[in-house]
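Here is the structure we will look at, set down as structure tokens.
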Amino acid sequence: MTALSVLGNTAAGLPRQDATWWRQAVVYQIYPRSFADSNGDGIGDLPGITGKVGYLRELGVDAVWLSPFYPSALADGGYDVDDYRDVDPRIGTLAQFDELLAALHAAGIRVIVDIVPNHTSNRHVWFQEALASPPGSRARERYVFRPGLGEHGELPPSDWTSTFGGPAWEPVGDGEWYLHLFAPEQPDLNWADDEVRQEFLTTLKFWADRGVDGFRIDVAHALAKDLTEPLPSQADLEADIWGGAHPLEDRDEVHDIYRDWRRLFDQYDPPRTAVAEAWVPAHRRSRYASPEGLGQAFNFDLLEAQWDATGFASIIDKNLELAHESGASSTWVLSNHDVVRHATRYALPDGTDLDAWLRHDGTEPAPDEERGRRRARAATLLTLALPGSAYLYQGEELGLPEVADLPAEALQDPTFLRSGGAQKGRDGCRVPLPWASHGPTLGFGDELAHLPVPADFDRFAVESQEVDPGSTLAFYRRALAERRRLQTAETLDWLTGTPTTVVAFTRPGGWTSVTNFGSEPVPLPAGQVIVSSSPLTGQDVPAETTVWLWQDGLRDR
Ligand code: NOJ
Ligand code: CA
């Protein structure tokens, strides 16, 4: 290991020992297999990302979050991890990881890696050992094995269903079944087991010692489970009767695990950070985000929000308050690798059933692409104006839409098969990025990509957007550069007396963000415009537009 990677954040390009860098960071999520392909095999890889560090620096992000790059059979896009302390050979090597880390750090960009603690893959050495060992053995204690019901254990221990469809229990042929809240290739770990706890501390230390700055924690709400018999029914699990004592989710004792992790994180200088992927009600989110715990938690409220000023304003208000309560900063997410891209969500009529729309290959209702782009840019500029950190998903800076018409044979998401085609799945937001305007792969390697890049993605190519000052890419670069200059204290003051279609607030330093959600222009407050999500022609904020401006009388510093 080089001195550079041991010292991590002291590498050239990063401020020394800044323990608060994460609070208002712009974090760019990379789904490595679909970002950039360096060797032309159609699979994005770590050297591909290293080759794009200049692109990331120019974009102006503070950190990247790498979705799993570990060895995996890709039963769930890499969230089925065979080995937590290695790199999938199709994606790179540990040495190439160190090179990427050093290159990002030298460019002033921090690195967050994805930790998947709820389940391993079924190819993990522990699970293989469990399968080769008899019921009651030590190897099986690391997972959740239970005897089946029925005379010969031929029935599952309960009627629980998995997130991706189908039963949550899989038989292993000797009367025992194992629990998998996700795909059968993702057996759940038993977090009551000490060795499991120690193993993850070792993994976190492994990456933290290499110089990784933070961690994104997958399914952070489900590690602690109460599997006391008799097991409840699926109907009971879904009933609103559990408070903080649901058998599988959001149990209070999950925070004991994160307190241990925090002790480890705080041994580093600066402390390593973490963000919880916890699908819990908003009022329980702050527990994950507390300074004694992971420190930050995703707020997914905007992923589910309609295009509506009142809805946005109340989500903003509530989340700023929750973040304040927990001592964390808020997080803002409009897109990620699990949801329909926001340029497409906003292109569809409000209230569209996205699953049904995907199922019909995105034909009906037809997306209004122009409207989607306009709203997406306005929503992005609004979230970038907020206190807290913004998590961007690769490709949103190009305005990429969801690819809804991927052929069935190309689909990789286990939800598609396990739901018998009822759910199309998440592949449509995981299509590789178009780097070039020409060629069969649009600059993503030489061979056809692992998920086909639609020919009409040439319209979104980085190559052409880089030279077009009106492009979405140019807009993101501008907005991120301005944000970097403007972000100060984590507070805002709502502007009162604005129309109901408007969300407007001022930030410390004297700048204002105004979003017009309506279809008619509204008056532009007096002041000097800093950046706007769509072109301004007069003294109005046009429909579906966000504008940042200096308050009247205050000038650019
Ligand atoms: C959440 C991840 O974001 C998603 O992609 C994955 O399928 C599940 N967790 C299971 O690991
Ligand atoms: Ca490759």
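Below, all heavy atoms of this structure are taken into account, side chains as well, without hydrogens, waters or symmetry copies.
Side chains of Ser389 and Gln296: a donor on one and an acceptor on the other come within 3.5 Å. With no hydrogens or angles considered, no side-chain donor-acceptor pair links Ser162 and His180 at under 3.5 Å. Side chains of Arg483 and Gln24: a donor-acceptor N/O pair is absent below 3.5 angstrom, by distance only. For the residue pair Ser34 / His450, a side-chain donor-acceptor distance below 3.5 Å is found, with atom types taken as modelled. Using a 3.5 Å distance cut-off with no hydrogens or angles, the side chains of Ser121 and Gln186 do not pair a donor with an acceptor. There is a side-chain donor-acceptor pair under 3.5 Å between Thr515 and Thr546. Between the side chains of Thr331 and Asn299, not a single donor N or O lies within less than 3.5 Å of an accepting N or O. Side-chain contact check for Asp193 and Tyr143: no donor-acceptor pair (N or O, by modelled atom type) lies under 3.5 Å. Judged by distance alone, the side chains of Ser330 and Asn319 never bring a donor and an acceptor atom under 3.5 Å apart. Side-chain polar atoms of Ser72 and Asp88 form no donor-acceptor pair below 3.5 angstrom. Tyr28 and Asp62 share no side-chain donor-acceptor pair at under 3.5 Å.
One finds no salt bridge joining Arg23 and Asp18 here, because no Lys/Arg side-chain nitrogen approaches an Asp/Glu carboxylate oxygen to under 4.0 Å. Ionic pairing of Arg345 and Glu304 is not present here: no N-O contact between side-chain nitrogen and carboxylate oxygen is shorter than 4.0 angstrom. A salt bridge is absent between Asp194 and Arg197: the closest approach of a Lys/Arg side-chain nitrogen to an acidic carboxylate oxygen does not fall below 4.0 angstrom.
Evaluated for a side chain to side chain donor-acceptor pair (under 3.5 Å) with Asp250, the options His221, Arg285, Arg284 yield exactly one hit, Arg284. Results of the side chain to side chain contact (heavy atoms under 4.5 Å, CB included) test with Phe298 over Trp332, Tyr391, Trp279 single out Tyr391 as the only residue that passes. When the options Tyr79, Phe416, Phe182 are evaluated for a ring-ring contact (aromatic ring centres under 6.0 Å, His included) with Phe164, the one that passes is Phe182.
Using a 4.5 Å cut-off on side-chain heavy atoms (C-beta onward), Leu549 and Ser532 make no contact. Residues Ile530 and Leu486 are in side-chain contact: their nearest non-hydrogen atoms beyond the backbone lie under 4.5 Å apart. Contact check for Phe35 versus Leu56: side-chain heavy atoms found under the 4.5 Å cut-off. Under the 4.5 Å side-chain criterion, counting only non-hydrogen atoms from C-beta, Leu189 is not in contact with Lys225. The shortest distance between side-chain heavy atoms of Pro117 and Ile217 falls below 4.5 Å. Put simply, the side chain of Leu382 reaches to within 4.5 Å of the side chain of Phe312, judged on heavy atoms. Residues Val462 and Leu433 have side chains not in contact (no heavy-atom distance under 4.5 Å, counting atoms from C-beta outward). Within the 4.5 Å cutoff, the side chain of Phe200 has no heavy atoms near those of the Thr202 side chain.
Separating the CG atom in Leu101 from the NE2 atom in His105 is a distance of 4.5 Å, to the nearest 0.5 Å. In this structure, Ile49 CD1 and Phe97 CZ are separated by 9.5 Å, a value rounded to the nearest 0.5 Å. Taken from CG in Asp468 to CG in Leu473, the straight-line distance is 9.5 Å, to the nearest 0.5 Å. Here the CG-CG distance, from Asp269 to Asp266, works out to 10.5 Å after rounding to the nearest 0.5 Å. Considering NZ of Lys205 and CH2 of Trp261, their distance stands at 16.0 Å, rounded to 0.5 Å.
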**OP:** Evaluate the ring pair (Phe, Tyr, Trp, His ring centres under 6.0 Å) criterion for residues Tyr84 and Trp207: first the C-alpha distance (whole Å), next the side-chain angles of each, then the deciding distance (0.1 Å), finally the verdict.
**Re:** CA-CA 10 Å; Tyr84 292 84; Trp207 293 108; over 10 Å; no
**OP:** Give the intermediate values and the outcome of salt bridge (Lys or Arg N to Asp or Glu O under 4.0 Å) for residues Asp260 and Arg263.
**Re:** CA-CA 5 Å; Asp260 285 353; Arg263 274 192 284 276; 2.6 Å; yes
Original post:
Given His342 and Thr380, is the side chain to side chain donor-acceptor pair (under 3.5 Å) satisfied, shown in steps?
Top reply: CA-CA 9 Å; His342 70 285; Thr380 297; 3.1 Å; yes
**OP:** Go through Arg90 and Asp41 one step at a time and tell me if the salt bridge (Lys or Arg N to Asp or Glu O under 4.0 Å) criterion holds.
**Re:** CA-CA 9 Å; Arg90 289 165 293 186; Asp41 64 356; over 6 Å; no
**OP:** List the steps, then state whether side chain to side chain donor-acceptor pair (under 3.5 Å) holds for Asn118 with Asp188.
**Re:** CA-CA 6 Å; Asn118 179 67; Asp188 279 52; 3.0 Å; yes
Original post:
What do the steps show when you test Glu397 against Thr472 for side chain to side chain contact (heavy atoms under 4.5 Å, CB included), and what is the final call?
Top reply: CA-CA 6 Å; Glu397 77 280 16; Thr472 301; 5.8 Å; no
**OP:** Take Tyr476 and Glu396 through the test side chain to side chain contact (heavy atoms under 4.5 Å, CB included) and record every step on the way to the result.
**Re:** CA-CA 9 Å; Tyr476 266 72; Glu396 67 168 83; 2.7 Å; yes
Subject >> Residues Gln487, Arg507; criterion side chain to side chain donor-acceptor pair (under 3.5 Å); working and verdict >> reply: CA-CA 8 Å; Gln487 274 292 26; Arg507 293 291 313 278; 2.8 Å; yes
**OP:** Could you go through the ring pair (Phe, Tyr, Trp, His ring centres under 6.0 Å) check for Trp65 and Tyr31 one step at a time?
**Re:** CA-CA 9 Å; Trp65 146 30; Tyr31 189 76; 9.9 Å; no
Subject >> side chain to side chain contact (heavy atoms under 4.5 Å, CB included) assessment of Tyr288 paired with Val254 >> reply: CA-CA 9 Å; Tyr288 295 82; Val254 78; 3.8 Å; yes
**OP:** I would like to know whether Asp218 and Arg216 meet salt bridge (Lys or Arg N to Asp or Glu O under 4.0 Å); could you show each step before the answer?
**Re:** CA-CA 6 Å; Asp218 190 65; Arg216 178 264 188 193; 2.8 Å; yes
Subject >> Verdict with supporting geometry, Glu199 and Arg142, salt bridge (Lys or Arg N to Asp or Glu O under 4.0 Å) >> reply: CA-CA 11 Å; Glu199 180 70 7; Arg142 299 184 189 115; over 6 Å; no
**OP:** Apply side chain to side chain contact (heavy atoms under 4.5 Å, CB included) to the pair Val113 and Tyr70, showing each step before the final yes or no.
**Re:** CA-CA 10 Å; Val113 300; Tyr70 315 110; 3.8 Å; yes
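Summarising the geometry of Ala107 relative to Val53, their closest heavy-atom pair is CB-CG1, 3.6 Å, with the distance given to 0.1 Å. Residues Ser329 and Gly388 come closest through the heavy atom pair CB-CA, 4.0 Å. Between Pro270 and Ala19, the shortest heavy-atom contact is CB-CA, 3.8 Å.
Taking a 6.0 Å sphere around CD of Glu321, one finds it holds 12 or fewer heavy atoms contributed by other residues, nucleotides or ligands. By the 6.0 Å contact criterion, NE2 on His324 is open, its count of non-hydrogen atoms from other residues, nucleotides or ligands being 12 or less.
Annotation: cation-pi pair Arg272/Phe265 absent, no NZ/CZ under 6.0 Å from the ring centroid and within 45° of its normal.
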